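Here the structure is a predicted model, which is why all the values come from computation and not from measurement.
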Amino acid sequence: MTGEVTPSLQRQAEQRNLILEVLYQAAARLLRGMTWEEHVPDILAQLGAAMDVSRVLIFTMFQDPAGHTCVRQSQEWCAPGVAPQLSDEALHHVPVDRYPFRRWTEILASKSKISLHVSQMSEDERRLFVAHDVRSVLIVPIFFRDDWWGFVGLHECRCERSWRECEIDGLRTTADLLGAAIHQSRVSDQLRETQERLALVIQGANLGLWDRNLITDDVVVNERVAGMLGYTIEEIYSDHKSLLDLVHPDDKPEAQQKIEAHLRGETPYFESEYRIRTKSGKWHWVLTTGKVMERRPDRTPVRFLGVQLDIHARKQNEELVRQLTRACIQAQEAERWRISADLHDNIAQDLSSLNLNLKMLLEQSTKFPPAMTDSLRQSLVILQKTITAVRNLAYDLRPPGLDQLGLESIVSRLCDDFSRKTGIPVDLTTAGLENICFDYDIRINLYRVIQEALANIRRHAGASLVTVHLVVSFPNLILRIQDDGGGFDVSERLAVACDERRMGLEGMRERISLLQGQFRIQSRPGEGTRISVKIPYAAAEGVRSSGQQINKDR
């Protein structure tokens, strides 16, 4: 009668609903956690019962030592009264890239199913199935992403069986669920391994971690961050809403400026060195690096993640190096002063007296033979050159007025002397120096840098013009020295200077570093040379006090 449901169709509908319920539960279990393997036996049992088959099994792919693609049975469920085949060693190493299963491999690799009666198979294909009383098979490949992982199959041992559409769809869905669970597990394993490696790196590098929610302004830190400051994690959360509250007042503006620039997206990451107050009230140097890890669609930053490194010992060592360098330079300047004074007060005076005596002898030259008179005149010329050289040397060692004159005056005099002696014009430009009394360390070290640069130009550059710019751009003092000479390869020249133990360029760099400044040299063969210096003159008086504070907190 039209509209009646036959018993066969009703059974199919019931089976379809049962299979769907099994798949629904399987999806919830497989995709809920990372250990999908523990759920597979129950899922296979429920699937086998819903489909009323003899066996449900899973085979996985592997490469054997000979490089052949093989499969092995890894999971199995058997209906009551059906003998298991999982213990059959012949099913633990089945080459599928060779006869007789090569065609099976091609079908499964193309993501297609295999549905066969054993009677339809070749004699070599049937051998593995006949041994376990299999009459019909249904096999669907398991892929995760585009990688073929294995296959899930159904065996019917009671009779030849034509597989229904709901059974084929159910097995395909099972394969898709297994592929998704395997992929999720692989990703979770990789994430866990990455986290473990990261944890080892953090532990080995003794890094502090902080994670700041920019919407709520809550900060999460690890024990290392709290330990650097002498707090427990509980104390630092209860006492301080923001770590920036602990930053030294002199360092906070720059750190805040760098943070805000990064939050606006102007820099790829944030990095700053600053002092931070510990629980005991002392100042401790740290290096903090951070990056915005999450932004809203409108580019509003949401999550700010970073690391904090304890650099207090490094800062102490840097200050010690600065003190030693300063002491060496001061000793060097003192020795220059002593030699200059000795040359001027003793040697130059003695040479002048000798010059006077020779002139007196020359006035009596009528009493001497002509040859002796000529020798006296030649000696006077040589002596006068020697006196000039000694005085120039004394001047170079300790220029008059270095202690009394301003920076602009001593630099101007240095450039004038260079032009007078070499014939190379110097275009000197100064600005903003008039009302500033620079620290003696700045004056002497900057003078020596310019002196060394001009000496190098005289000896090596072959220049026809030198340009010197010395300007104040608060809070920095900017110096640029440029020539139009032959230029050179900077890295090659530095390497040669190091091999030959020349300290010219490196000495200049050390003097600027002593002033916490930046030194840069640019040059190419045939393109001249440019030296750029930037010194934070406004903080010059704070250089020593900063160093003293570090020592005090050791």
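Under the 4.5 Å side-chain criterion, counting only non-hydrogen atoms from C-beta, Ile481 is in contact with Ile457. Within the 4.5 Å cutoff, the side chain of Thr430 has no heavy atoms near those of the Val468 side chain. In this structure, the side chains of Met228 and Val286 come closer than 4.5 Å at one or more pairs of heavy atoms. Residues Arg420 and Asp417 meet the side-chain proximity criterion, which asks for heavy atoms closer than 4.5 Å.
Here the side chain of Asn476 pairs no donor or acceptor atom with the backbone of Ile478 at under 3.5 angstrom. Using a distance-only test at 3.5 Å, with no hydrogens or angles considered, a donor-acceptor pair links the side chain of Ser523 to the main chain of Phe488. Checking side-chain atoms of Asn222 against main-chain N and O of Leu209 turns up a donor-acceptor pair under 3.5 Å.
Of the N and O atoms on the side chains of Arg448 and Asn445, not one donor lies less than 3.5 Å from an acceptor on the other residue. At a cut-off of 3.5 Å, with distance as the only test, a side-chain donor of Thr288 or Tyr274 sits close to an acceptor on the other residue.
Phe304 is linked by a ring-ring contact (aromatic ring centres under 6.0 Å, His included) to Trp210, His262, counting only residues two or more places apart in sequence or in another chain. Residues meeting the ring-ring contact (aromatic ring centres under 6.0 Å, His included) test with Tyr24, sequence neighbours left out: none.
Between Arg303 and Asp211 there is a salt bridge, with a side-chain nitrogen of the basic residue lying less than 4.0 Å from a carboxylate oxygen of the acidic one. The pair Lys258-Glu254 meets the salt-bridge criterion, since a charged nitrogen lies less than 4.0 angstrom from a carboxylate oxygen.
Because its NZ or CZ atom is both nearer than 6.0 Å to the ring centre of Phe62 and within 45° of the ring axis, Arg72 counts as a cation-pi partner of that residue.
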